[in-house]
Amino acid sequence: MPELPEVEMVRRYLVATSLHQTIKDAKVLDRRILSGSSAEHLEQILTGQQFHSVYRHGKRLFLKLNEDLYLAIHLGLTGDLVYLQASEEEPHHTRLLIAFENGHRLAFDDPRIFGEVGLTGSPQSFLEVRRIGPDAMQVGKEDFLKIMRGRKGVIKSALLNQSLVAGLGNLYADEALFHAGICPKSRSLDEAQLSDLYFSIQLTLSTAIKSHADLSKLPDSFLLPHRHPGGRCPQDGEALRHEMIGGRTSYYCPKHQKMA
DNA sequence: AGTACCACCTGACGGC
DNA sequence: TGCCGTCAGGTGGTAC
C-alpha cells in the first residue's frame with residue numbers, strides 16, 4: 001500500500017479521526033511490529049495520553065503525544081490504520097489496538113508485519129538516527145540536484161534510496177521517470193535531466209495526492225494505470241517494457257524514456 | 001559508492 | 001479442490 005501519497009492520506013485520516021481523544025488502553029497484539037520498546041512499556045506510555053498532531057516525513061508517521069514523545073509508525077508494505085466505531089470489528093491482522101475513552105478504537109492492521117511501531121523523542125532525531133533524507137515533496141530543487149549530482153548508480157535505485165530522498169517507492173519512482181522521459185537504468189544524469197526529474201517527482205506526488213492516492217483515479221496519461229504486462233505507453237502507444245532493475249520490477253516506455 | 005543477495009512475513013493468483 | 005511456485009507499492013544487513 002504505502003508510498004508517500006498513501007501515507008499522506010493516512011496522515012489526513014488520522015487528523016480527521018484520531019486526535020484529542022484520551023487513550024483508555026493500548027494492546028500490542030504482535031510484538032514483531034515493535035522497534036526499540038517493549039510491549040509493556042508502549043502500552044503503559046500510551047495509556048492516558050492523547051495524540052495532539054500527526055507529522056509525516058517520507059513514508060514515516062509521527063503521532064505527537066507531548067513535547068518530547070512521539071509514536072513513530074511505518075506502514076511497511078501492507079500496513080494501514082483504521083479508526084473503528086464502537087460496534088465495528090477490528091481488522092483481521094490488527095497488530096496494535098488503541099482504545100479511546102469515547103469507545104472508539106484505532107487499529108494498526110498489517111498482514112505481512114513489515115510495518116514498525118516505536119517511540120521517539122522527536123521526529124528530527126528519529127530521522128537522523130535512521131539516516132533518512134529530506135522529504136520528497138519538501139526538498140528544494142537545488143538540494144535535490146546536490147544530492148543526485150555525481151552519482152554513478154542506476155537512477156531508479158537512487159530514487160528508492162530513502163537516505164537520499166524520502167517518500168518514493170517502486171511505483172511512483174517508475175511514474176516520475178516516465179514523466180521525465182528517463183530510462184530507469186540510466187546512470188549519471190546531466191543537470192537538465194535531474195532538473196526534469198525533480199519537477200516530474202513533484203508532479204507525480206502532487207497529482208497522486210490530488211487523486212487521493214487512488215491509482216484508478218490518476219489521469220490516463222500517467223504510467224500507473226497502464227503498468228501491467230501487456231500495457232501500452234499512454235503517450236505514444238508503444239508496448240511498455242518490464243524488467244528487474246535494482247532488484248525491483250520496473251516498467252518503462254522504451255520509446256520515449258531515453259537512456260542517459 | 002554501488003550492487004547483488006538474503007531475510008523478514010503473509011496472501012493472492014495462475015498453472016497444473 | 002488442492003498444492004506449488006511466484007509475486008507483491010518496504011527496509012535492513014552482509015559480503016564483494
Side-chain angles (χ1 to χ4, degrees), chain A residues 1-11 28-36 56-61 72-81 91-96 108-118 126-133 135-137 146-178 184-189 201 204-205 207-209 211-218 222-231 240 242-252 260:
Chain A
M1 198 207 156
E3 296 184 39
L4 188 155
E6 288 79 7
V7 178
E8 175 61 18
M9 288 305 120
V10 173
R11 188 193 70 80
V28 174
L29 302 174
D30 193 316
R31 293 168 185 263
R32 290 174 293 178
I33 60 158
L34 297 178
S35 84
R56 180 193 58 72
H57 181 105
K59 303 170 190 173
R60 306 271 168 178
L61 287 172
I73 298 182
H74 187 266
L75 299 174
L77 207 47
T78 54
D80 197 13
L81 288 161
H92 188 215
H93 299 288
T94 298
R95 312 300 185 188
L96 170 67
F108 177 45
D109 183 59
D110 184 14
R112 282 179 77 179
I113 322 180
F114 286 168
E116 181 184 316
V117 176
F126 181 97
L127 297 168
E128 222 165 279
V129 169
R130 298 299 187 99
R131 298 217 164 80
I132 294 172
D135 181 82
M137 291 193 78
K146 197 180 294 177
I147 291 165
M148 294 294 172
R149 194 148 42 203
R151 307 212 125 253
K152 300 289 182 206
V154 295
I155 186 62
K156 167 115 186 228
S157 297
L159 291 183
L160 293 180
N161 185 342
Q162 304 297 300
S163 69
L164 300 178
V165 166
L168 289 169
N170 197 30
L171 293 192
Y172 291 113
D174 276 3
E175 186 69 50
L177 289 163
F178 174 85
K185 286 181 286 189
S186 298
R187 297 168 184 266
S188 43
L189 309 190
I201 290 169
T204 294
L205 296 177
T207 305
I209 288 173
S211 307
H212 302 289
D214 180 342
L215 298 187
S216 71
K217 291 202 173 71
L218 286 174
F222 271 49
L223 169 69
L224 291 179
H226 309 274
R227 191 187 182 282
H228 54 79
L240 295 174
H242 63 108
E243 61 187 287
M244 284 295 219
I245 299 171
R248 312 297 302 279
T249 300
S250 307
Y251 281 76
Y252 64 98

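Each chain gets a letter, A, B and so on, in the order the sequences are listed, and its residues count up from 1. Note that the structure is a prediction, hence the values are computed from the model and not measured.
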To the nearest angstrom, how far is [X] atom [atom1] from [N] atom [atom2]?
{"X": "Asp109(A)", "N": "dT10(B)", "atom1": "CG", "atom2": "P", "value": "13 Å"}
{"X": "Asp80(A)", "N": "dG11(B)", "atom1": "CG", "atom2": "P", "value": "16 Å"}
{"X": "Asp110(A)", "N": "dC8(B)", "atom1": "CG", "atom2": "P", "value": "16 Å"}
{"X": "Arg227(A)", "N": "dC7(C)", "atom1": "CZ", "atom2": "C1'", "value": "12 Å"}
{"X": "Asp30(A)", "N": "dC9(B)", "atom1": "CG", "atom2": "C1'", "value": "10 Å"}
{"X": "Arg187(A)", "N": "dA1(B)", "atom1": "CZ", "atom2": "P", "value": "15 Å"}
{"X": "Tyr251(A)", "N": "dA8(C)", "atom1": "OH", "atom2": "P", "value": "8 Å"}
{"X": "Ile113(A)", "N": "dC8(B)", "atom1": "CD1", "atom2": "P", "value": "12 Å"}

Distance, P atom - from dT6(C) to dC5(B), rounded to whole angstrom
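That atom pair is separated by 15 Å.
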What distance, rounded to whole Å, do you find between the two C1' atoms, one in dC9(B) and one in dG2(C)?
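Comparing C1' positions in dC9(B) and dG2(C) gives a spacing of 23 Å.
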Across all strands shown, which nucleotide pairs with dC7(C) by Watson-Crick or G-U wobble geometry, both distances under 3.5 Å?
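dC7(C) is paired, partner dG11(B).
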Please check if the number of heavy atoms outside His92(A) that lie under 6.0 Å from its NE2 is greater than 12.
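No.
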For side chain to side chain contact (heavy atoms under 4.5 Å, CB included), just list the numbers for Leu215(A) and Leu171(A), CA-CA rounded to whole Å, side-chain angles, deciding distance to a tenth of an Å, and then say yes or no.
CA-CA 10 Å; Leu215(A) 298 187; Leu171(A) 293 192; 3.9 Å; yes
Check this one for me: any side-chain N or O of His93(A) less than 4.0 Å away from OP1 or OP2 of dG11(B)?
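Checking His93(A) against dG11(B): at least one side-chain N or O falls below 4.0 Å of OP1 or OP2.
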Can a side chain N or O of Thr249(A) be found less than 4.0 Å away from OP1 or OP2 on dC7(C)?
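Checking dC7(C) against Thr249(A), no side-chain N or O comes under 4.0 Å of OP1 or OP2.
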Tell me if a side-chain donor or acceptor on Gln162(A) pairs with a main-chain N or O of Leu168(A) at a distance below 3.5 Å.
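Yes, Gln162(A) side chain to Leu168(A) backbone: donor-acceptor pair under 3.5 Å.
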I'd like to know if the side chain of His242(A) reaches the main chain of Gly230(A), judged simply by a donor and an acceptor atom lying under 3.5 Å from each other, with no hydrogens or angles considered.
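No.
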Are [X] and [Y] side-chain neighbours, meaning at least one heavy-atom pair lies under 4.5 Å?
{"X": "Ile209(A)", "Y": "Leu4(A)", "result": "yes"}
{"X": "Tyr252(A)", "Y": "Leu177(A)", "result": "no"}
{"X": "Met244(A)", "Y": "Thr249(A)", "result": "yes"}

Using a 4.0 Å heavy-atom cut-off, write out nucleotides 10-16 of chain C from 5' to 3' as B (base contacted by protein), S (sugar-phosphate only) or - (no contact).
BSS----
